[in-house]
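Note that the coordinates shown come from a computational prediction; the quantities given were computed from them, not determined experimentally. Computed over heavy atoms, backbone and side chain alike; hydrogens, waters and symmetry mates excluded.
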Protein chains: 2
Amino acid sequence: MNTQDHNLNMSRILTEYNIRPTTIRKNIAGLLFDGTDRHVSVDDVIEMAHAANVKTSVASVYNTLNRFALAGLLRRVSVDLGRMFFDTNLSEHHHFYYENEGRLEDIPHGLIKVSGLPKLPKGRAVKSINVMVWL
Amino acid sequence: MNTQDHNLNMSRILTEYNIRPTTIRKNIAGLLFDGTDRHVSVDDVIEMAHAANVKTSVASVYNTLNRFALAGLLRRVSVDLGRMFFDTNLSEHHHFYYENEGRLEDIPHGLIKVSGLPKLPKGRAVKSINVMVWL
DNA sequence: TATAATTTTAGAATAGTTCTAATATTCATA
DNA sequence: TATGAATATTAGAACTATTCTAAAATTATA
Ligand SMILES: [Mn+2]
Ligand SMILES: [Mn+2]
Ligand SMILES: [Zn+2]
Ligand SMILES: [Zn+2]
């Protein structure tokens with residue numbers, strides 16, 4: 001897929017998720033959504049943008065990633081104190097956390113099963129279940 | 001159990017865990033280890049200390065809780081960005097997280113079962129498995 | 001094109017946590 | 001019990017990830 005097609009593709013995705021396809025949004029989306037599963041921090045994205053000659057600001061990266069997450073285009077994954085990860089893998093899955101490296105890795109969907117969930121307090125519903133395996 | 005016995009008890013526990021039983025450590029331990037399962041933030045402990053007329057400092061609460069956690073007398077639980085919880089329940093268990101209230105609740109030991117863990121990369125061992133159920 | 005709505009941005013502000021280094025406490029030994 | 005070395009406590013500074021502010025730029029609409 002050439003650059004122009006890729007750009008159009010990003011536009012389509014953003015529009016689909018009700019996000020205005022502005023220049024920096026398309027650029028950041030272009031860095032993240034290439035079909036691979038990523039777990040990026042804000043700093044990662046800033047570095048990726050720099051490496052790709054995408055001119056933007058720290059505030060815009062925060063704004064963009066938070067907006068993507070709110071729209072359901074990224075998933076927030078918080079492990080330890082300090083920094084948030086944004087996950088491009090939207091399927092239901094869990095994570096290995098390599099503590100020394102500060103790195104997340106997907107555990108493929110369907111492998112891990114959680115059973116034995118107790119009855120919930122009345123009026124409560126499960127929003128999500130997150131399993132983190134520390135290595 | 002009277003105050004003096006409780007104090008002696010805290011001394012014993014701290015000594016058992018190779019932590020010098022100093023005054024503020026015994027005081028903070030006394031606030032936390034009363035047999036109930038707690039999930040406290042640093043701010044919680046500062047408030048508890050204040051309410052109990054235990055004079056200390058922010059730095060000391062951080063030092064003390066971190067020391068306790070390192071010694072295995074508390075368990076660190078990080079949920080969302082922002083603040084760390086310290087868990088007095090040392091048994092293997094998982095958590096409900098009440099997102100709106102910012103509150104943790106134990107899921108009793110043995111209820112939840114995690115199965116289907118994939119083979120680990122060579123030379124890696126599981127340090128811990130944490131299940132967080134968001135409500 | 002003109003106008004309104006939204007986004008981008010630099011830098012300030014915020015907040016949880018750690019660091020610094022001076023003072024105080026604890027503990028082993030005399 | 002007194003002495004001194006090791007360790008702990010503390011106020012405030014520093015650090016860092018994130019959010020906020022508000023002015024300038026971009027984008028959508030008429
Ligand atoms: Mn990274
Ligand atoms: Mn609380
Ligand atoms: Zn993932
Ligand atoms: Zn717990």
Aromatic centroids of B/H39 and B/H95 separated by under 6.0 Å: yes
B/S/- contact track for nucleotides 10-29 of chain C, protein heavy atom under 4.0 Å: B-----SBBB------SS--
Min side-chain heavy-atom separation B/L65-B/V45 under 4.5 Å: yes
Candidate pair A/R124 and B/E101, rule salt bridge (charged side-chain N to carboxylate O under 4.0 Å, His left out), full reasoning: CA-CA 13 Å; A/R124 300 282 183 171; B/E101 288 117 281; 3.2 Å; yes
Step-by-step side-chain hydrogen bond (donor to acceptor under 3.5 Å, both in side chains) determination, B/H93 to B/D87: CA-CA 11 Å; B/H93 69 283; B/D87 191 341; 3.0 Å; yes
Side-chain H-bond candidate by donor/acceptor type, B/S91 with B/N89, under 3.5 Å: yes
B/R76 and B/N66: side chain donor to acceptor below 3.5 Å: yes
Check: B/H109 side chain, B/E92 main-chain N or O, donor-acceptor pair, under 3.5 Å: yes
Identified side chain to side chain contact (heavy atoms under 4.5 Å, CB included) partner of B/L74 from the options B/L32, B/L90, B/V40: B/L32
Protein-nucleotide distance (A/I19, atom CD1; C/dT8, atom C1'), rounded to Å: 16 Å
Where chain B begins and ends its contact with DNA chain D, read 5' to 3' at 4.0 Å from heavy atoms: D/dT7 to D/dT18
